[in-house]
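Worth knowing before you read on, the calculation uses all heavy atoms, side chains too, and leaves out hydrogens, waters and symmetry mates. From a predicted model like this one, the values you see are computed outputs, not experimental measurements. Throughout, residue positions are numbered sequentially from 1 according to the sequence presented.
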Amino acid sequence: MILNEFIKETSRNQMISILLKHYKVGNVRVKLKSMKGHAHFNVDKGTLELSTRYKTIKTSQVKEFMITILHEINHAMDAKMFGWKKFKEKYEMEMNLQVTNGKDPYEDNKYEIQAEKFGQSMWKFWKSKFKQDGLM
């Protein structure tokens, strides 16, 4: 195993910290949690929950990891903009609307679509920046 094939835990944490500060959601707490995916934004607690399964990130997982983190940060930005209670209400109303219309409450949710587009559009920029800064 070559050391350069992984992003170390300290670099991962530093990248997340930079992203949270850049998008002005630096008050979001980061918490390790056992889960399948890379991350989840818990709107009730105002925490970005990171999977304990990804203490180090394989270079082959960088794209997925970056998109996921940016996606969850977009949810944190929405929660900050609307207020966490209002955002939760809006998000749940959107989920109920999708169910009522026979659609998938997650995949067809406008907040999920927006967050995914945000992650997809920004990950290359941040990957390049972090590489330039020696974090990757």
Side-chain angles (χ1 to χ4, degrees):
M1 172 180 5
I2 301 171
L3 189 58
N4 290 344
E5 291 181 5
F6 293 92
I7 296 172
K8 292 182 241 161
E9 185 176 7
T10 54
S11 294
R12 180 205 65 190
N13 293 345
Q14 191 173 359
M15 291 187 303
I16 293 168
S17 177
I18 289 167
L19 290 169
L20 291 171
K21 288 177 187 170
H22 177 81
Y23 291 108
K24 296 181 177 38
V25 288
N27 62 331
V28 169
R29 291 174 292 146
V30 179
K31 179 181 176 184
L32 291 175
K33 185 176 181 181
S34 179
M35 65 176 75
K36 287 184 181 181
H38 285 290
H40 169 72
F41 179 67
N42 184 326
V43 70
D44 291 322
K45 296 180 180 179
T47 59
L48 176 62
E49 297 171 344
L50 298 176
S51 176
T52 55
R53 295 173 56 195
Y54 298 100
K55 288 187 179 181
T56 56
I57 310 292
K58 293 179 185 176
T59 52
S60 62
Q61 297 172 317
V62 169
K63 178 181 178 182
E64 178 187 353
F65 173 75
M66 294 295 297
I67 291 170
T68 301
I69 294 300
L70 289 162
H71 174 115
E72 300 307 334
I73 286 173
N74 187 262
H75 289 317
M77 291 164 42
D78 282 345
K80 181 181 178 182
M81 179 174 62
F82 295 120
W84 73 269
K85 284 183 182 180
K86 191 70 162 174
F87 176 62
K88 185 176 178 180
E89 285 175 17
K90 287 175 171 281
Y91 187 93
E92 289 174 354
M93 283 178 47
E94 179 67 16
M95 287 184 82
N96 292 335
L97 177 66
Q98 298 312 324
V99 169
T100 301
N101 291 333
K103 295 183 178 181
D104 186 280
Y106 182 82
E107 294 294 324
D108 297 313
N109 185 310
K110 68 181 180 182
Y111 297 107
E112 291 299 330
I113 293 167
Q114 170 193 315
E116 191 62 22
K117 284 181 182 177
F118 179 75
Q120 292 283 347
S121 69
M122 297 306 296
W123 82 270
K124 286 182 184 176
F125 168 80
W126 285 106
K127 179 184 177 189
S128 174
K129 172 116 175 73
F130 292 145
K131 213 173 213 182
Q132 186 178 12
D133 293 347
L135 293 172
M136 292 188 166

Query - Distance, nearest 0.5 Å, that separates CG of Leu19 from CE of Met66 - result: 5.5 Å
Requested in this report: Sort and list the pairs that fulfil side chain to side chain donor-acceptor pair (under 3.5 Å) and have at least one residue in residues 125-136, not counting sequence neighbours.
Outcome: Tyr23-Trp126, Lys129-Asp133
Requested in this report: Before giving the answer on side chain to side chain contact (heavy atoms under 4.5 Å, CB included), spell out for Trp123 and Thr68 the whole-Å C-alpha distance, their side-chain angles and the decisive distance to 0.1 Å.
Outcome: CA-CA 9 Å; Trp123 82 270; Thr68 301; over 6 Å; no
Query raised in the report: Looking at side-chain heavy atoms only, is the closest gap between Glu116 and Ile67 below 4.5 Å?
Result: yes
Query raised in the report: Nearest 0.5 Å, what's the OG1-CE distance between Thr10 and Met15?
Result: 9.5 Å
Query raised in the report: Is there a donor-acceptor pair under 3.5 Å between the side chain of Ser17 and the backbone N or O of Asn13?
Result: no
Requested in this report: Give the cluster check for Val99 versus Tyr106: same hydrophobic cluster or not, with ILVMFWY residues linked at side-chain heavy-atom distances below 4.5 Å.
Outcome: no
Query raised in the report: Rounded to the nearest 0.5 Å, how far does CG of Asp108 lie from CG of Leu97?
Result: 10.0 Å
Report summary line: Across all chains, not counting sequence neighbours, the ring pair (Phe, Tyr, Trp, His ring centres under 6.0 Å) partners of Phe41 are none
Query - Under 3.5 Å donor-acceptor, Ser51 side chain and Met35 backbone - result: yes
**Report entry** Residue pairs passing the side chain to side chain donor-acceptor pair (under 3.5 Å) test where at least one lies in residues 77-95, sequence neighbours excluded
**Finding:** Asp44-Lys88, Asp78-Gln114, Tyr91-Glu112, Glu94-Gln98
Query raised in the report: Hey, are the side chains of Ile18 and Leu135 touching, using non-hydrogen atoms and a 4.5 Å cut-off?
Result: yes
Report task. Answer yes or no: does atom CE of Met93 have more than 12 heavy-atom neighbours from other residues, nucleotides or ligands under 6.0 Å? Result -> no
Query raised in the report: Atom CG of Asp104 and atom CE of Met95: how far apart are they, to the nearest 0.5 Å?
Result: 8.0 Å
Query raised in the report: Tell me, do Ile69 and Leu50 make a side-chain contact under 4.5 Å, heavy atoms counted?
Result: yes
Query raised in the report: Just how far is it from atom CG of Leu70 to atom CE of Met77, taken to the nearest 0.5 Å?
Result: 9.5 Å
Report task. Working to the nearest 0.5 Å, report the span between CD1 of Ile73 and NE2 of His22. Result -> 9.5 Å
Query raised in the report: Between Ser34 and Thr52, what is the shortest heavy-atom contact and its length?
Result: CA-OG1, 3.7 Å
